[in-house]
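Presented below is the structure to which this report refers.
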Amino acid sequence: MHEVRAVDGYPITLRRHGNPDGPRLVLGHGNGFAADAYWPFWSRFTRDFDVFVHDVRNHGWNPVGDPDAHTIPAVASDLDRVSREIDQRFGARPKAGVFHSLTAMAALHAGTSYEYAALGLFAPPIMLPGRATVELVRRGAGMAAATRRRRDRFAQPSDYVELLSEKPAFARLDAARLDLFARSTLRPAGDGDGYELCCPPEHEARLWDTLYPFARKIDFGAMACPLKVIGSDPTVPNSFLPSVRMPEILLIEYDFVPETTHLLLLEEPDVCADFTLRYLAEQSFSTS
């Protein structure tokens with residue numbers, strides 16, 4: 001474990017797992033989630049790879065800070081700090097980034113993206129098929145409003161598991177993965193009364209407020225490293241396309257995991273790991 005200080009002084013807990021002599025991987029998670037919830041995915045790499053995981057600010061192992069500093073630019077800047085801190089503390093060498101949803105979006109805005117030997121972006125929330133951009137902004141506002149109404153305290157993690165099991169978005173997760181998700185995204189409440197969400201609803205909602213406007217600012221043509229977008233099943237509602245511009249969609253290396261939703265890394269961790277390994281091997285960034 002190593003503490004990384006963001007530009008504004010916010011402390012981020014960086015964790016190193018796996019083989020320190022292997023190819024280096026940096027992994028990131030989605031809005032309101034936690035790195036530990038993705039353990040069935042990233043544990044596939046720990047035998048052969050030098051794996052670095054961290055929670056987004058105000059998520060997971062990190063403390064709750066100022067909601068006004070909980071923004072897409074801040075998350076992108078944090079990725080820059082983490083990337084450079086890894087090089088400074090553990091020695092500079094090639095690394096690949098594997099990011100999901102929020103951090104996939106942030107990686108496309110990060111100044112250090114060009115430093116990666118390869119980027120694998122799972123379901124960056126950029127474009128919904130057949131939807132005008134203005135509708136995406138409305139969707140973000142709707143998600144933010146729903147998040148602000150979210151229950152944020154539970155007597156036991158099992159109560160959160162029961163709630164999640166009733167939500168369509170989590171319908172493809174079995175009981176064990178729902179339990180892991182709940183335990184990863186809850187912490188003992190500060191007043192000792194039960195458990196509370198690690199990422200408060202207001203913080204999560206603030207990212208939804210601006211997620212789609214920042215999606216419109218992405219220029220894939222300016223990316224200076226190999227990049228692949230891996231989406232969920234395009235026939236499933238709310239499956240994202242990798243760009244708002246059709247010419248870019250034709251140029252981006254893109255694939256998808258059948259019969260998955262936006263939570264594909266949680267639903268099919270082994271399949272997603274295989275996609276990642278094949279992509280890294282194509283970029284000559286693997287153990288083989």
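Side chains are part of it too, since the values below use all heavy atoms of this structure and drop only hydrogens, waters and symmetry mates.
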Contact between S232 and F122 at the side-chain level, heavy atoms closer than 4.5 Å - yes or no? no
Please report the interatomic distance CG(L197) to CZ(R151), rounded to the nearest 0.5 Å. 10.0 Å
Of R150, R148, H70, the residue whose pairing with E204 passes side chain to side chain donor-acceptor pair (under 3.5 Å): R150
In short, V236 meets T260 closest at the heavy-atom pair CG2-O, 3.6 Å
Among D66, D68, N58, find the one that has a side-chain contact (heavy atoms from CB on, under 4.5 Å) with H203. N58
May I ask you to check whether over 12 heavy atoms, not counting those of E162, lie within 6.0 Å of atom CD? no
For a 4.5 angstrom cut-off between non-hydrogen side-chain atoms, does L108 reach L119? no
Do C225 and Y114 have side chains that get closer than 4.5 Å, going by heavy atoms? no
Checking T147 side chain against M143 main chain: does a donor-acceptor pair fall under 3.5 Å? yes
Going by side-chain contact (heavy atoms from CB on, under 4.5 Å), K95 matches just one of D87, T112, D50. Which one? D87
Please give me the minimum heavy-atom distance between A106 and V75, naming the atom from each residue. CB-CG1, 3.7 Å
Do the ring planes of F90 and H2 sit parallel (below 30°), tilted (30 to 60°) or perpendicular (above 60°)? perpendicular
Is there a side-chain contact between Y116 and V26, using heavy atoms and a 4.5 Å cut-off? yes
Please walk me through it: do V161 and L163 pass side chain to side chain contact (heavy atoms under 4.5 Å, CB included)? CA-CA 5 Å; V161 172; L163 178 64; over 6 Å; no
Which atoms form the tightest heavy-atom contact between A76 and A110, and what is the distance? O-CB, 3.8 Å
Is L164 linked to F33 within one hydrophobic cluster, defined over Ile, Leu, Val, Met, Phe, Trp and Tyr using a side-chain heavy-atom separation of less than 4.5 Å? yes
So which atom in G60 and which in A34 form the shortest heavy-atom distance, rounded to 0.1 Å? CA-CB, 4.2 Å
Nearest 0.5 angstrom please: I72 CD1 to H109 NE2, how far? 7.0 Å
Yes or no on side chain to side chain contact (heavy atoms under 4.5 Å, CB included) for D233 and T261, after CA distance, side-chain angles and deciding distance? CA-CA 6 Å; D233 192 323; T261 72; over 6 Å; no
Are F154 and Y160 an aromatic pair, judged by ring center distance below 6.0 Å? yes
If you round to the nearest 0.5 Å, how far is CZ of R206 from CG of D209? 8.0 Å
Counting N and O atoms only, with roles assigned by atom type, does the side chain of D48 sit under 3.5 Å from a partner on the main chain of F45, one being a donor and the other an acceptor? no
Do the side chains of R81 and D8 get close enough for a salt bridge, i.e. N-O under 4.0 angstrom? no
Return the minimal non-hydrogen interatomic distance between L264 and I230, and the atom names on each side. CD1-O, 4.2 Å
Same cluster for W39 and F49 if Ile/Leu/Val/Met/Phe/Trp/Tyr side chains link at under 4.5 Å? yes
Could you label the plane-to-plane angle of the H59 and H29 rings as parallel, tilted or perpendicular, counting under 30° as parallel and over 60° as perpendicular? tilted
Roughly how far, to the nearest 0.5 Å, is CG of D21 from CG of N19? 5.5 Å
CZ of R5 to OH of Y10, rounded to nearest 0.5 Å, is 10.0 Å
Could you check, using the six-membered ring where one of them is a Trp, whether H54 and W61 have ring centers closer than 6.0 angstrom? no
Mind checking whether L102 and V64 sit in one hydrophobic cluster, side chains of I, L, V, M, F, W, Y counted as touching below 4.5 Å? no
Counting only heavy atoms not in R47 (residues, nucleotides, ligands), do more than 12 fall under 6.0 Å from its CZ? no
Stepwise side chain to side chain contact (heavy atoms under 4.5 Å, CB included) check, H17 with V53: CA-CA 8 Å; H17 299 267; V53 299; 3.9 Å; yes
Taking the side chain as everything from C-beta on, heavy atoms only, tell me whether Q283 gets closer than 4.5 Å to L280. no
Using modelled atom types and a 3.5 Å cut-off, is there a donor and acceptor pairing between side-chain atoms of S83 and backbone atoms of L79? no
With a 4.5 Å heavy-atom cut-off, do L25 and T276 have their side chains touching? no
I need the N31 CG to M105 CE distance, nearest 0.5 Å. 10.5 Å
Does the salt bridge (Lys or Arg N to Asp or Glu O under 4.0 Å) test come out yes or no for R84 and E115, once each step is laid out? CA-CA 10 Å; R84 287 171 177 154; E115 297 178 1; 3.6 Å; yes
Dump the intermediate steps for salt bridge (Lys or Arg N to Asp or Glu O under 4.0 Å) on R44 and D274, then the final yes or no. CA-CA 9 Å; R44 279 283 307 274; D274 289 340; 2.8 Å; yes
Please report whether the ring centroid of F181 lies less than 6.0 Å from that of F170. yes
With no hydrogens and no angle check, is any side-chain donor or acceptor of R172 less than 3.5 Å from a backbone partner on E267? no
Examine distances only and state if a side-chain atom of R153 and a backbone atom of D193 form a donor-acceptor pair shorter than 3.5 Å. yes
Under 4.0 Å between a side-chain nitrogen and a carboxylate oxygen: does that hold for D55 and R15? yes
If you measure from the Lys or Arg side-chain nitrogens to the Asp or Glu carboxylate oxygens, is any gap between D255 and R278 under 4.0 Å? no
Can you name the closest pair of heavy atoms from L263 and A169 and give their distance? CD1-O, 3.3 Å
Between E3 and T13, is any side-chain donor less than 3.5 angstrom from a side-chain acceptor? no
Is any side-chain heavy atom of C272 closer than 4.5 Å to a side-chain heavy atom of V257? yes
Can R16 be said to sit on top of F52's aromatic six-ring, NZ or CZ under 6.0 Å from centre and within 45° of the ring axis? no
Mark yes or no for whether D80, through its side chain, and G111, through its backbone, hold a donor-acceptor pair below 3.5 Å. yes
Less than 4.5 Å apart, any side-chain heavy atom of D152 and any of P200? no
State which residue, out of W42, Y38, F41, fulfils the ring pair (Phe, Tyr, Trp, His ring centres under 6.0 Å) condition with H100. Y38
